[in-house]
Each structure stands twice: as C-alpha cells, then as structure tokens.
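The structure under discussion appears below in the form of structure tokens.
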Amino acid sequence: MPKQILSFTVNGDKVDLLVPPYVTLLDALRDEAGLTGPKEGCGTGDCGACTVHLDGKPVASCLVLALQARGRSVRTIEGLGTATALHPLQDAFVRHGVPQCGFCIPGVLMAAAALLEEHAAPTEEQIRYGIAGNLCRCTGYTKMVAAITEAAGMIKKGAAR
Amino acid sequence: MSVMKTTRDVKGVGLSIPRPDGPDKVTGKVQYVADITPRGLLHAKLLRSPHAHAKIVRIDVSKARALPGVRAVLTAADIPELKGKPASRAHAVLAIDRVVFAGQPVAAVAADEVAIAEEALDLIDVQYEVLPASVDPLQAMKPGAPPVAELGTEADLSEAMAHSAVAMAKGETPTKAVNVSQTAHVKRGDVAKGFAESDVVLEHTYRVPMVHQGYIEPHAVLAEWDRSGNLTLWASTQGSFNTRSEVADVLGLEENRIKVIPVECGGGFGGKIRALCEPITAILARVTARPVRYVMTRREELEAGMPAPQVIIRLKTGVKKDGTLMALEGETVLESGAFSGTVLAVSAVFLGSLYKWPAFDIKGSEVLTHKPSVAAYRAPVAPQSIFAIDSQMDALARALNIDPVAFRARHLSKPGDPMANNQPWASMGAPEVLQKAGAHRVWKEREAWKKGAKPGTLRGVGLSLGGWLGGLQPTGASVKLNPDGTLSVLTGQVDIAGTNIALAQIAATAYGVDIDKVKITTGDTDVAPVTGLSAGSKTVYTVGVAVLQAAQAARKQTFEIAAAELEAAVDDLELVDGKIVVRGVPGKGVTLQSIGKKGNLYMSKVEPVIASSHPAFSQQAPAFASQIARIELDPDTGEVTLKDFVIVQDVGKAINPLAVEGQMQGGAVQSLGMALTEGLVYDDQGRLTNPSLLDYRKLTAADLPNLETVIVEVPSPAGPFGARGVGEPPIIPAPAAIANAIADATGVRLTEAPLTPERIALALARRGAG
Ligand code: FES
Ligand code: FES
C-alpha cells in the first residue's frame, strides 16, 4: 500500500510523516516520529500504556489509525512537562515513588493529566475511575492516587497565585 | 571492625528516598527493548501451533521466503543446534516434529518490517496431524492419558534452586504414571491415629488456575552478532547472567562470547527469568547478519508465555474440640504444562511447617499437560499453598468457634521449631506479624463494622498469614572512590523493584557518606561482577551483603591511605562530612576528594580505592505477611467490593520504606487478582479461551481501595542491617484473606480461585437450596 503524508501537530510542533494507511498512531509516533514514550502493552485498547492526548482528549493510540490524526493535535508524555521542568503530576509521581518498572507510567500520566484538565479537584473515586483504563502491575495504584491528588492541589495553588 | 564506627549519621539506610530513575521514567525517556532501533534492524515473528498436541507432517516455507522484504524463514530443520528432544522450554526453540502446546513456535521469520513478517507467517503452510491432548492435570495422571514428555526428559529443578533452596527428600520410588514428572513426600507421626482421635475433621480441595505474571511490558529481545562470532543481547530479563548461560547452552556457545545488556525491564515477577524468545532471535540475527528484534504480542504472552502452574490441593485436617491440632493429610498436584519446572517442595513445606501438626502426610506430584510450560510467579506456589492451609485453619477456627487469630497464634511455628523437612525454622517474624495484624483496628472492630451493613448486603472481614522462605544466590559487587570523593557502586543486578536505591543506601551508610554521593550502576555481563537473579526476594538480602562488604572494604582502604598521610593510627580516625580526621585533633584531616584524586593522578604513588566482594550464602531469612480484607458482598449477584485492605509485613529492616511500601502494595494487588479475577481458561482441546487483557481480567484502580501498609521489623541475623526479602510475601495471603472474609460474611467456604461473583452466587444459591 502506498504511503501517505500525515501532517499534524505533535507536542506543539508541526510534523509531517510518511506512513502507510494501516499504521496506528502509536506506531507512527514511536517508529516515525521517534517518540517512544507511549508504550505498547497490548495493542488492543485494554492496558492504557499507549495513552496520548488527541485534541486534548485521552485516547488509546494503539486503536487510532495514524491518518485519523491528520490536521489534529497530539500530545505525548514527551510533551507533558517542558525540557527543563517536570509537570506537577510528573514531579509528584517521582516524589511519591510511584514508578517501579515504569512501563505503565507514561500512559497513566497522560490519563491523569486529562483528568485534571476536566476536574481541577477530583475526588478519590474520580481519580480511580480516571485511571481505570490503565493497568499497572507493580504499584497497586495507592501511591498513584496519592500523587495525583497532591498534583491537583499543586496546580490549583499555582493557578491561584 | 573498628573502622566501622560512625561518628555522625549519614543519609542512607532507613530513609524514604525516591529512586533516581524516577525523572526518566515519568518523562518517557527510559528505554525498553522495544524502544531501541539500531540501523538495519529486522523484525522477528514466530508462527505458532494452533493445536495443543499434533504431529508436524510437513512445513512449506517457499512462498514466505519469496516475499519481498523477508530476510529469513526458519524451521527446526534449518537450525543445526536443534537436534534431539528438547530438555527444557528454552531448548524448544522451534518444534521439531511434534508440538506439545498451543502456541508453541513452529517457524520463525525475520523481515524488514513487522507487517511483512506477519504477512510471511500467513504464507507458511504447515500440515498437522492432530493428536489427543492431556488438558486436565488430574486426567493427565491417569493411565492411558496422552503422554506429554518425550522419553528421556528429566525433571527440571533449576527453578526450585533459583527461588528458595528448599531441601526435601524426592519421592522415594520413581513413579510409573505417564505424565507425572516429579513427586515429593513428607510425613511425620501417625496420621490415621490422629484422625481417629480427632473431634472435628474437615476436608476441602483447593484449586488455583494457571495465572499470568501480568508484567505490562511483553517479552522483548534485540540480538546482534559481530564478525568474530560474538553475540550481544539487549534483553528484558530478571537476570542477565542467567540469560547468558541459557542462551549459551542452547546455542552451544562459550559464555564469554555472549554479552547480555539488561535493558530496563518492564516487569517480570518470575516470568522473565528463564530464556524464552532469546535463542530464536539470536539465531535469526546470525542467519541474516543483521540486528533482529523480537517483541511478543500480548496474545502471545497469554497463550505462550510461562504462567504460574495450576495448583490443586486436597487437605484433610483433624482437631480436638479444644483446638488441639491432631493430623493433616495433604495431596498437591502442580500442573507444569509441557515441560517440568515447578517448585513442588515449597508447597509441601508450607502445608506441613507453618503450623505445628503432630502428624502429617503430604504427597506432591508435578504433572505435565499439553499447555505452555510454567515458570515462577512471585513466591511461586506459596499463594496457592497458603490459600489451602490458611483457609483450612480459618475453617477449623470457625467450626470450633475459636477466635481465628488466637487459633493461628497458638499453633504457629516459631524459630527453631522443625519444618516438615525436619530442618529448623530460621529466625522469622511470623508471630509478630500475626500479633500486629490481630491488633489492627480493621480486624478488632470487625463485629461493629459488620453490624453497619446496609439492608440487602453482607459484610465480612478476613485475615490470613503467609510467608516465603527467602532465596539465596552467590553474587558480587564492587565499590570505588572517584577523584571527586564520590562513590560508584557496580553490580549486575537488574533493578525492577527499586533495589538499586536500596543498595546505594546500604553503600552510603556502610562507607559513611550521604546517599547523594553514591551512584549505582547495573552493568552488562561483560563488565559487571557476577550477580544473581532479581527474584526470590533476595536482591537486597544477598546483593546488599556484597555491597555492604565492598563498601566496608573500600572504607578500610580509604582509612589506611589517610592513616599513612596523617601519620595516625587507623583506629584514631573518623569520617565526618567527607573528610577523614584524627579524633580530637580538629583541623587535621584529609578529604575523600584528595584521596580519590591521588588514586587517579599521573605518577601518583597512592593506590586507588577499589573494593569488591563476592559472597555466597547459606542462611535463608523467611519473611511473613498478613493481610486483612474488609468486604461488602451482594448476595444476589455475588459481587464482592473491597472496602479496606491492610498489609502487615515483616521486612527485617526497611532499607527504603518508600520502596518497601510500593512492593507491599503492588504484591497485594497481584494477590488480590489471583483471589478475585484472574485465571487462564482453556477449552477441552487445550486452547486458551481468554487470550486478551479484556478477558483476562486484572484489577484496576477502580476495583480497589487505598492499601494500608504496616511495616514490622524483626531483624534477620544475616541480612544487611537486618533486612529480609520484601518482594514475595505480599503476593501470598490475599486469596485466603478474601475467602475467609466471604466465609465471615456468608458462612460459605469457597475453595476455588478466582472467587468470582458467579462462583459466590452459585455457592450461596446452593446453600439456600440445601
Ligand atoms: S497498548 Fe494500547 S491500550 Fe494497550
Ligand atoms: S510501574 Fe510497572 S506496570 Fe506500573
């Protein structure tokens, strides 16, 4: 199948890629754009390791065809913080010792970031449902929930200032 | 050792310090095998058998070979190393003339792109002659069952050795049963007499299906050869030296020709110890003279990984009315899949040793079936064995109307008591853990809490206690002083659980500098001192000792250099804030920086400070955990909601409490998964019916409450700073804790995991009808 041009915005930058039409957004990001932060844990939409934002909404990028992202805006874990500063969620995850093997973490963080954009002060239940699509086998989720709660507070405080 | 005197507490052991790889992990910078793409990379795919048992009549790969972009298509006939019958799963690189489980690799492809490799698989034509399969382990033991093993294959005990050196008599007579690959038998006293004198005799059969370790990163490996015949493997492994040995064995290669680079491992839990896809990837790379990467799909992981064995345990126990234990009879069947390799002895030891049965008779069999062969899964066979014995203890206490904690405490073995294999229990904190759990609010307030149940719902509280004997393996570590006064620690230990920060903390405290002055590196097999598996809860317990000794030796070297320079006795020196000073003589001293610098200066006569240690071990440190579950249960649907969950665990000494808590919580959720939702389900043809994470249900954040951790510290005699293994104990107690909570809520005892709503509702309905 002939390759097609995919023009879209990735982490704020305009990007043109040449991709075959059957390629998923996950593979295009990883193999063509060199962004290996999003992970493949299942390829079937069940683990959340590949979660990225598409026009601000969290999606399982293994279920999205790359060409569906034409003209749209994608944000990956590489674009969550800045080159020099961690996003409050990332910072809280480090301090709470959340990452163990780390494989689920990029997906969990993108799901959590989307949650906080929707609910500035989520309840524990909202947090737990917000990351329910992300499987983690190492942490038991308790420290994740605590870190997300704390990050939400930090963001609010930052906004108030 | 006098130089061990510390005059000031350094920042090291005992502090909750986040692991140093955190920032790279939260930014997506950390590279796993699938993220590494060298120039000229080829992608591998394996064609797998759809049948559990079949003869391979013919394989035609000609069309696949002709596909543009395909660089190699291999069958067993193309690989000279694959001659005889495979002795183990690692040797079963590609099936030779018979497949023995659905998902067994039959042919391998390397191609320019994954999509091309997949297309090539479709073009391979295999003709099978399907044979009857042994699918159920109990049926497989019966005469006339379809045989699994090739004649002449031996029981594989390396798994047992790797995890927990359990000394035990092997079965006394070689068994005749066709698919029984290992037997074990332990007994003491007169069981028949014990049952005859018992007032209450309970018998249950407990069953836990095969479960998958569930690491989120599937198996992955990247292989490349140089022109001199040296192989480099970038592997997702729990033990790079073990991977090297196994691959060398399969390929008939000298070990020093293989370099294993342990890439960040996205979870293993026992499933990434034994070689699986490394040999075939190495062979494809050799044939194509290109780097080849193989990443398993989730479906392949579930269908053809190395899950935990199915465990079936029949337990019969007799007690007196006053709670006196009389006799225990047990029969354990471990389903090992197509190749032998379970830790049979662990089960018997736990069934017979945890409580003081005056008479017991426990027989164990490992049975082969036409399913993927199994491997370790965090405390292999312990959760299943504790599910049986702890459920049984709980049921006895309830039958006798005795407080379940008091009943356990009365009969619990203590250090020095004989285990089932007649070795004495080593120092362990089971009594302290049980006592702490029994005193916990969630347990103490259970009656009041149960009374608060909403109409139409039931409430229950369950507690259980389990443990792990602790693994051992020789290991090495080195510590060196850098020219700026910082320390570098080198091991070959793969860090999955946060062990590297704990090891660095041990080095900091043992040497006498703050943790921010210590950097630890996991080296590849060419440069690192030999190191064991990251498994069996033994990294901190054993590698910690090597690091401790190396740091102490480096400190001694440093002090000797300082003593010569200061013209003082070593005993008069102390290390304060990076400076070695003469006690009581302020101002007279030499900095670590200057000692480090002189060890690395052109024409300098001062030796560099480099110390290593390479201990072997003989003393295990058993570690115990108790878990308390508060549940709410809907009797109509059978649905269980976990309201509170407490983990009480003896860790000996928490080197890094933050990392310890993470281990306790993560292990508990795997334990709860085994209790509530997980199980590989096979049809009667031996095919997996739930090969996706949609159908193989793992617990999510929404299924769980916050998990409370209570750390108990009963120091081990031989561990660094008294530490014990931390990883395995938390995966052990939950199946029993949940079953006990369900029994508490409903009066019904469930014995088959996972304890799903269907099973619970059915059991309640059956009781209602009966
Ligand atoms: S890889 Fe996309 S959901 Fe698992
Ligand atoms: S940290 Fe390992 S899967 Fe989440």
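Numbers restart at 1 for each chain; the letters A, B, ... are given by sequence-line order, proteins then strands. All values reported here derive from a predicted model rather than from experimental measurement.
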Name the region of B:Ala115, side chain, backbone, both or neither, that has any atom closer than 4.5 Å to a heavy atom of chain A. side chain
With a 4.0 Å cut-off on N to O distance, would you call B:Glu678 and A:Arg137 a salt bridge? yes
Assert top hit (heavy-atom pairs under 4.5 Å, partner chain A, pool B:Leu672, B:Ile17, B:Val26, B:Val30) equals B:Val26
Check: A:Thr24 side chain, A:Cys62 main-chain N or O, donor-acceptor pair, under 3.5 Å: no
Under 4.5 Å from a heavy atom of chain A, the part of B:Glu217 involved: both
Hey, is the main chain of A:Thr123 close enough, under 3.5 Å, to the side chain of A:Gln126 for a donor-acceptor pair? yes
What distance separates B:Glu303 CD from B:His212 NE2, expressed to the nearest 0.5 Å? 11.0 Å
Side chain / backbone / both / neither for B:Ile501 at chain A, heavy atoms under 4.5 Å: neither
What residues of residues 690-698 of chain B make heavy-atom contacts with chain A at a cutoff under 4.5 angstrom? B:Ser692, B:Leu693, B:Leu694, B:Lys698
Working to the nearest 0.5 angstrom, can you tell me the gap between B:Leu42 CG and B:Leu222 CG? 10.5 Å
Less than 4.5 Å to any heavy atom of chain A: does that hold for the side chain of B:Glu300, its backbone, both, or neither? neither
Side chain, backbone, both or neither of B:Glu661 within contact of chain A (heavy atoms, under 4.5 Å): both
Would a distance-only check, ignoring hydrogens and angles, find a side-chain to backbone donor-acceptor pair under 3.5 Å from A:Asn134 to A:Gly107? yes
Atom group of B:Ala34 that falls short of 4.5 Å from chain A, counting heavy atoms: both
Heavy-atom proximity to chain A below 4.5 Å, by part of B:Thr297: neither
Among A:Gly48, A:Gly140, A:Cys47, who wins on heavy-atom pairs under 4.5 Å with chain B? A:Gly140
Treating B:Thr499 as the side-chain partner and B:Val540 as the backbone partner, does any N or O pair qualify as donor plus acceptor under 3.5 Å? no
Interchain contact, A:Arg30 with chain B, by part (heavy-atom threshold 4.5 Å): side chain
Is it the case that the side chain of A:Glu124 and the backbone of A:Val145 share a donor-acceptor pair, with hydrogens and angles ignored and the cut-off at 3.5 Å? no
Rounded to the nearest 0.5 Å, the OG1 atom of A:Thr139 sits from the CD atom of B:Gln663 at a distance of 11.0 Å
With no hydrogens and no angle check, is any side-chain donor or acceptor of A:Glu32 less than 3.5 Å from a backbone partner on A:Val19? no
Is it the side chain or the backbone of A:Tyr141 that comes within 4.5 Å of chain B heavy atoms, both, or neither? side chain
Bottom line for A:His87: the part with an atom under 4.5 Å from chain B's heavy atoms is neither
By a 4.5 Å heavy-atom criterion (distance strictly below it), what part of B:Glu301 contacts chain A: side chain, backbone, both, or neither? neither
Greatest number of non-hydrogen atom pairs under 4.5 angstrom with chain A, of B:Ile216, B:Val669, B:Asp21, falls to B:Ile216
Determine whether a donor-acceptor pair (N or O, by modelled atom type, separation under 3.5 Å) exists between the side chain of B:His219 and the backbone of B:Gly271. yes
A:Leu109 versus chain B, the contacting section by heavy-atom distance below 4.5 Å: side chain
With chain A as the partner, which of B:Gly22, B:Gly266, B:Gly267, B:Pro730 has the greatest number of non-hydrogen pairs under 4.5 Å? B:Gly266
Where does A:Glu40 contact chain B at under 4.5 Å (heavy atoms): side chain, backbone, both or neither? backbone
Donor-acceptor under 3.5 Å (B:Gln505 side chain, B:Ile655 main chain): yes
Aromatic plane relationship, B:Tyr32 with A:Phe103 - under 30° parallel, 30 to 60° tilted, over 60° perpendicular: perpendicular
Against chain A, label B:Pro218 side chain, backbone, both or neither, depending on which of its atoms sit under 4.5 Å from a heavy atom there. side chain
Would you call B:Arg19 and B:Asp495 a salt bridge, using N to O less than 4.0 angstrom? yes
If only atom types and distance count, is the side chain of B:Gln238 paired as donor or acceptor with the main-chain N or O of B:Ser534 below 3.5 Å? yes
If we define contacts as heavy-atom pairs under 4.5 Å, which of B:Thr700, B:Asp24, B:Leu707 has the most with chain A? B:Thr700
